[in-house]
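Just so it is clear, the values below take in all heavy atoms, side chains as well, and ignore hydrogens, waters and symmetry mates. For ligands, and for the atoms within them, numbers begin at 1 and follow the listed sequence.
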Amino acid sequence: MDGQRLPGTSRRERVVAHVDMDCFYAACERRREPALRGEPLVVGMGYEPDESHGAVATASYEAREYGVESAMPISEALDLLPRNVEAAEAPDLDISDAGFYRPVDLDYYESVAGEVKTILQETAETVREVSIDEAYLDVTDVVEWDGAREWAATLKDRIEASVGVVASVGLAPTMSAAKVASDYDKPDGLVVVEPGEVREFFAPLPVEDVHGVGPVTARELATMGIETAGELADADPELLADAFGERGREIRRFARGEDDRDVTPKGDPKSLSRESAFTEATDDGETVRRRVRTLAEAVADRAQRQEARYQTIGIKVVTPPFERNTRARSLPGPVEDPELVESVALDLLEEFAETEIRKVGVRVSNLDFSAGQQASLDGFESAGEESAEPTDSPDTEGQTDLGTFDGSTAADGATRLDTMNGQTTLDEFR
Ligand code: DCP
Ligand code: MG
């Protein structure tokens, strides 16, 4: 959630996954034109058939063997890898050393990316999308290190089977290590770096692989005799601070595998939530209720500070080992009412009386930010008609299941309703 810890709670080592699709634009082209599979394929920005202008957006791994790479001018790519159609006609060219070229079709790639992201949102509690083909997932609650490889293999299979493109996945206790891990064995990679192995994993890698180190910093580090992440990890922090300021210390920390960043969804919040784990799972109702009251207060306070009103109030209950249960209740209209957050949360919690619980959370969603804006703009009191989101579907007697507790990053507020395990699942997604 937001990384802050409440007093008396513990935080387990996180499990972060980084998912990055292999030669994504080329993979999309192959999905709709299967004859391109296994062939050298170049996707060009500004590319036109029979012309040589434009730049390479991506190249399939077969085309990369000819030296074709992203951002290269198409004219240069054509020198390395002639067009298939031309090679077929030219006596001096060998068709087996030629490739296919296609222009970029971003709308199509975005639709494919949307299918992948839907799977990711369904898989993980928190998803941070960082580009069209890349996302971080916090999967601390759904996977343990013992089962990490199998979990990632299942995710990869699911993406390939239902979307038809291949993802490389890295799992590690930090975002920066997970990113390097997903890139480590591309294509079709699956690399797990367990806690305690991060520094060893980084050590032999070039400094460019460390988060925050670009080509310029890498060149400067090289002049200081620092070429690998291991050398950066062992470098004198004062020297690094002299050369790069505070950032110098930071890249050293990243090279040592220290990275406290939390996986947080991007964009406007679609929900506000707080959660908290018990040091040991408990079935003591009063202990759990007390924690839920604290969380409800914290969430209501945050909503107030952000001038957000809410129409849905929900809880999350995690039972051992990692089973997530979410319940929510929708109100007829948006409110700002801390006492209601507490009473609804406690009410929903009753279903779990005498259940052993390891973690609880409280969330408000279906947010409406219009009140504050309108008041400050024209002094009108908002009745909430201008809600930023469409209204949630009605709750079925508290049985509504909020698919991703805090992972909704919907920019357009699209709301999907489908059925899972016989319960209504309400899943906000992009
Ligand atoms: N892209 C682009 N121009 C670049 C780099 C990338 O247009 N200079 C586009 C095309 C890629 C997509 O973004 O398909 C994703 O970028 P990646 O860096 O993830 O590259 P790929 O997915 O193509 O390859 P990889 O298998 O290395 O991830
Ligand atoms: Mg990629």
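Atom numbering of ligand 1 starts at 1 in the shown order; those under 4.0 Å from a heavy atom of D20 are 19 (O), 28 (O). Of all atoms in ligand 1, listed by their number and element, those nearer than 4.0 Å to a heavy atom of T58 are 10 (C), 11 (C), 14 (O), 21 (P), 23 (O). Close contacts of ligand 1 with Y61, meaning ligand atoms under 4.0 Å from a residue heavy atom, involve 25 (P), 26 (O), 27 (O). With ligand atoms numbered from 1 in the order given, ligand 1 contributes 21 (P), 22 (O), 23 (O), 24 (O), 25 (P), 26 (O) to contacts under 4.0 Å with heavy atoms of C23.
Of the candidates R128, K179, K117, K179 is the only one forming a salt bridge (charged side-chain N to carboxylate O under 4.0 Å, His left out) with E134. Of the residues K186, R64, R30, K156, the one that meets the salt bridge (charged side-chain N to carboxylate O under 4.0 Å, His left out) test with D22 is K186.
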In residues 217-226, what donor-acceptor pairs under 3.5 Å come from side-chain atoms, sequence neighbours left out?
{"from": "T217", "atom 1": "OG1", "to": "R247", "atom 2": "NH2", "distance (Å)": "3.2"}
{"from": "T223", "atom 1": "OG1", "to": "E220", "atom 2": "O", "distance (Å)": "2.5"}

Atom pairs and distances, side-chain donor-acceptor, residues 33-42, under 3.5 Å, sequence neighbours left out:
{"from": "E33", "atom 1": "OE1", "to": "R102", "atom 2": "NE", "distance (Å)": "3.1"}
{"from": "E33", "atom 1": "OE2", "to": "R102", "atom 2": "NH2", "distance (Å)": "2.8"}

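Side-chain contact, R291 with S276: a donor N or O sits under 3.5 Å from an acceptor N or O. If you check the side chains of S176 and H211, you find no donor sitting under 3.5 Å from an acceptor.
Of all the listed residues (R64, M21, K186), R64 holds the heavy atom that lies closest to atom 24 (O) of ligand 1. Looking at Y25, F24, Y109 and measuring to atom 13 (O) of ligand 1, the nearest heavy atom belongs to Y25. Compare V43, D22, D133, D188 by their heavy atoms: the one nearest to atom 16 (O) of ligand 1 is in D133.
Residue contact annotation: S168 places no N/O/S atom under 2.8 Å from the Mg ion (ligand 2). The Mg ion (ligand 2) lies under 2.8 Å from an N, O or S atom belonging to D133.
Within 6.0 Å of atom CD in E150, 12 or fewer heavy atoms from other residues, nucleotides or ligands are found, so the atom counts as exposed in its surroundings.
Annotation: S70 places no N or O atom under 3.5 Å from an N or O atom of ligand 1; distance criterion only. Of the N or O atoms in I132, none lie within a sub-3.5 Å distance of an N or O in ligand 1.
Given atom 2 (C) of ligand 1, the protein heavy atom at minimum distance is A57 O, 3.5 Å.
In this structure, F202 has its ring center no closer than 6.0 Å to that of F254.
At a distance under 4.0 Å, no protein heavy atom can be found next to atom 18 (O) of ligand 1.
Between the Mg ion (ligand 2) and the N, O or S atoms of D20, the shortest distance is to OD1.
Y108 carries R32 over the face of its six-membered ring, with the cationic atom under 6.0 Å from the centre and within 45° of the normal.
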